[in-house]
Every structure is written in C-alpha cells, then in structure tokens.
Asks: 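Dropping a structure here in structure tokens format, bear with me for questions.
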Amino acid sequence: MKTVDKYDFSGKRALIRVDFNVPLNERFEITDETRIKAAVPTISKILSDGGSVILMSHLGRPKEGPEEKFSLKHLVKNLSEKFGREVKFADDCIGEGAFELSSRLKPGDILLLENLRFYKEETNGDHDFSEKLSKHGDVYVNDAFGTAHRAHASTAIVAEFFEDKICGYLIQAELVNADKVLKNAEKPFTAIMGGAKVSDKILLIEQMLDKVDNLIIGGGMSYTFSFAQGGKVGNSLLEADKVDLCKDLLRKAEEKGVQLILPVDTVIADDFNNNAAKKVVESDAIPDGWMGLDIGPNTIKLFSEVIENSKSILWNGPMGVFEFSNFANGTIQIAEAVVKATEKGGYYDQWHRVNHCAHPPLSS
Ligand code: 3PG
Ligand code: MG
C-alpha cells in the first residue's frame with residue numbers, strides 16, 4: 001500500500017475514509033474530538049499538496065435510514081474552525097447534490113459527506129454502493145483506524161475501484177507500532193482484550209494466541225466465553241452463534257500454552273443504565289434479569305497482578321461499560337495497572353513495547 005507522505009496529491013480529489021464516530025452530547029456538541037484530531041495530519045498533507053478532500057465516515061449505529069442525532073452535519077462547524085475554511089457538506093453521501101459538490105472541488109476545498117450508515121449498503125459491503133462512493137474521488141485514502149476491523153463498503157470494498165489506494169498517517173503509525181510490539185515483544189507478553197463483541201476480535205485473538213504468554217479477556221465479550229465454559233450469564237451480552245468459537249479458542253490457548261484469563265467476579269446491574277441497582281457476583285453465576293457491566297474487585301486484582309508482571313502489553317477494548325461512571329472502575333483500574341507496568345519498565349524507549357493501545361483511545 002502507498003503512504004500519504006510519498007504521494008503527490010496536487011490537483012487530485014482525495015476520497016478519505018476517516019473515523020469521525022465521535023461522541024455528541026444532547027445539544028449535538030462534540031464531547032471528545034480525539035478522532036478528528038487524529039485525522040488532521042493526513043488531511044493537512046493533502047491540502048498543502050494542492051489537493052482537495054472528500055471526507056466520509058459513519059457516526060453511531062443508525063438502524064434504518066437517516067436520524068438527526070447521527071448526522072455528520074454536527075461536525076461541520078468544528079472542522080471549518082480546525083482547517084480555517086468553510087467545510088462543505090453533502091446531506092446524502094451518494095445523492096446527486098453530493099456528486100455535484102465533489103465534482104466542483106477546487107484545490108484546498110473540503111467536503112464532508114453525510115453518515116455512510118444511513119445506507120445499510122455501507123455495513124453490507126455492497127458493491128454498487130461502493131462503486132458510487134468511488135466516483136467522488138480520484139484517489140482513495142484510508143485513515144479510519146478505529147474502523148479498520150470492519151469490512152464495510154467504505155473501508156474495504158471501495159478500494160477496489162481505485163488504482164491509487166493510500167494508507168493515511170494514522171493507520172501507518174498504528175501499523176508501525178503494532179509491528180514493533182508484535183516483533184520485539186519482551187516476555188512475559190500480555191494481551192488485554194475487551195469490548196462488547198467476540199465477533200469483532202476473532203482474528204486479533206487468533207493472532208495473539210501465537211504471540212502472547214497471557215491473554216486477558218474482559219468486557220462484554222467475556223460473557224460468551226463464560227457461557228462456553230458452562231457459566232450462567234443472566235441477561236449479559238451473549239453472542240450465541242460464537243459459543244463454539246469461544247470453546248475452540250479456549251482449547252487452542254491451552255494447546256499453545258497461553259494462559260487465557262477470564263473474570264472471576266462481575267459487577268452486575270438490573271438494567272442497562274448508570275443508576276441501575278448493582279452488586280458483585282461470581283462470573284459464572286449471574287442471575288436471570290441481571291447483566292454484567294464491569295469486572296469485579298477480585299478480577300481487578302487477578303488481572304492487575306498479571307499485567308504488572310508483564311514486560312510487553314497490548315490492550316484492545318474496555319473491561320466494562322466505562323461510559324457509565326458507576327461501571328468504569330474496572331477499566332480505570334486496569335489502566336492503572338498498565339501504567340505501573342510501564343513505570344517498572346523504567347526507560348522511556350520501552351513505551352511502544354510496554355504500553356501500546358491498539359484501539360481507541362488514539363491519543364497516546
Ligand atoms: C468504533 O467506535 O468502535 C468504530 O468507530 C467502529 O464503530 P462500530 O463499532 O459501530 O463499527
Ligand atoms: Mg467498536
């Protein structure tokens with residue numbers, strides 16, 4: 001894949017897949033612009049070469065068609081301020097008006113397309129939809145690191161329609177870092193995996209099994225593993241169609257001598273909400289009507305000990321619903337343990353080896 005720094009964008013319209021899936025408050029104001037900032041170097045390089053930019057992204061998970069709260073128009077003001085020019089907006093990513101706008105871009109212009117997921121064709125990876133999107137640009141740039149694990153129209157399929165497919169600075173940096181971690185990992189090497197779904201992380205977990213000494217699994221995805229081991233998960237997140245896969249991964253870990261470590265206790269809630277009633281139970285005994293939303297205190301101790309004794313750590317995904325302050329403790333404590341491991345490592349040049357975060361937050 002070509003990289004942004006080696007490509008001359010002058011006179012070109014660059015169609016860039018960014019990950020502008022940023023949190024908005026009830027007034028549709030951006031509450032964390034980390035992901036926007038992360039895309040600035042790539043966009044700036046293209047503009048300063050004398051190219052123009054068409055930005056495309058998803059925002060949230062709209063169910064069926066357009067929804068006000070998921071409109072990317074809420075980002076226009078922020079982007080216009082950031083780049084010191086009026087950012088144009090197309091309110092339908094493949095509408096006639098959008099093509100009118102993209103065809104008229106002049107060097108230095110920026111056009112933002114409306115949320116790609118207002119079309120189900122985006123997540124379905126639809127061929128025709130991808131081809132339509134491709135008409136917006138002369139070259140394709142992918143800098144959507146946070147969405148790199150999705151084979152969607154705008155992230156994977158659209159690239160087929162371009163001769164010049166270019167990897168943005170953000171993705172490039174993450175690949176270099178990940179490569180460093182994987183190749184030079186000092187042992188013990190521990191991977192911490194979390195987040196809602198096993199299905200998002202299958203490939204990563206499989207790859208990790210060949211590299212790590214310890215694989216810690218927390219967060220929503222741990223319940224499917226627990227269920228696979230015969231545990232009761234109540235109303236927790238469960239991917240029923242991934243239970244066999246979890247069994248398979250557990251078996252592979254054992255074969256490869258990887259210590260796969262799951263939560264031993266869980267903070268459960270009687271509702272999916274920050275103020276729900278909560279209590280701590282053993283991870284394999286979650287009663288019906290209750291759901292696990294964070295790892296429990298014994299799990300924090302267990303995970304932290306492994307982490308603090310590791311020389312290399314790769315972390316992907318939270319330990320619980322950290323967006324709810326009452327269920328953020330597990331994720332925060334694990335971050336503390338990672339910090340301690342980094343401190344023990346001593347030298348600053350060990351940063352990449354000791355603490356690399358391969359999924360958002362992207363700020364580090
Ligand atoms: C994220 O926030 O994890 C990415 O933007 C991908 O979004 P998704 O999980 O809805 O595909
Ligand atoms: Mg996600």
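The figures here come from the full heavy-atom set of this structure, side chains too, leaving out hydrogens, waters and symmetry mates. In listed order, ligands and their atoms are each counted from 1.
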Asks: Which ligand 1 atoms, with their elements, are less than 4.0 angstrom from a heavy-atom of Arg117?
Replies: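 It comes down to these atoms of ligand 1: 7 (O), 8 (P), 10 (O), 11 (O).
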Asks: Has Lys69 got more than 12 heavy atoms of other residues, nucleotides or ligands less than 6.0 Å from its NZ?
Replies: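 Counting other residues, nucleotides and ligands, NZ of Lys69 stays at 12 neighbours or fewer.
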Asks: Using a 4.0 Å cutoff against the non-hydrogen atoms of Gly146, which atoms of ligand 1 qualify?
Replies: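 In order of number, 4 (C), 6 (C).
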Asks: Which ligand 1 atoms are under 4.0 Å away from a heavy-atom of Asp19?
Replies: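 Checking each atom against Asp19, I get 4 (C), 5 (O).
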Asks: For His152 and ligand 1, does the shortest N/O to N/O distance drop below 3.5 Å?
Replies: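 No; every N/O pair is 3.5 Å or more apart.
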Asks: Which other residues end up in the same hydrophobic cluster as Met291, if Ile, Leu, Val, Met, Phe, Trp and Tyr are linked when side-chain heavy atoms come under 4.5 Å apart?
Replies: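 Hydrophobic cluster check, Met291: joined to Val267, Phe272, Val280, Leu293, Val321, Phe324, Phe327.
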Asks: Give the contacting part of Arg35 toward ligand 1: side chain, backbone, both or neither, where contact means a heavy-atom distance below 4.0 Å.
Replies: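 Side chain only.
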Asks: Which option, Thr155, Val22, Asn21, owns the non-hydrogen atom nearest atom 2 (O) of ligand 1?
Replies: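 Considering heavy atoms of Thr155, Val22, Asn21, the nearest to atom 2 (O) of ligand 1 sits in Asn21.
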Asks: Which bit of Lys197 gets closer than 4.0 Å to ligand 1, counting heavy atoms only: side chain, backbone, both or neither?
Replies: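 For Lys197, there is no contact with ligand 1 at all, from either part.
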Asks: Regarding Lys279 and the six-membered ring of Trp290, is the cationic atom NZ or CZ under 6.0 Å from the ring centre and inside 45° of its axis?
Replies: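 Pair Lys279/Trp290 counts as cation-pi.
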Asks: Give the numbers and elements of all ligand 1 atoms closer than 4.0 Å to a heavy atom of Thr147.
Replies: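 Checking each atom against Thr147, I get 5 (O).
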Asks: For Asn78 and Glu33, test the side chains for any donor-to-acceptor distance below 3.5 angstrom and give the result as yes or no.
Replies: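 There is such a pair between these side chains.
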Asks: Tell me whether Lys120 is salt-bridged to Glu64, with the criterion being a basic N under 4.0 Å from an acidic carboxylate O.
Replies: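 Salt bridge absent between Lys120 and Glu64.
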Asks: Taking atom types as modelled and ignoring hydrogens, do the side chains of His74 and Arg27 form a donor-acceptor contact shorter than 3.5 angstrom?
Replies: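 No, no side-chain donor-acceptor pair sits under 3.5 Å.
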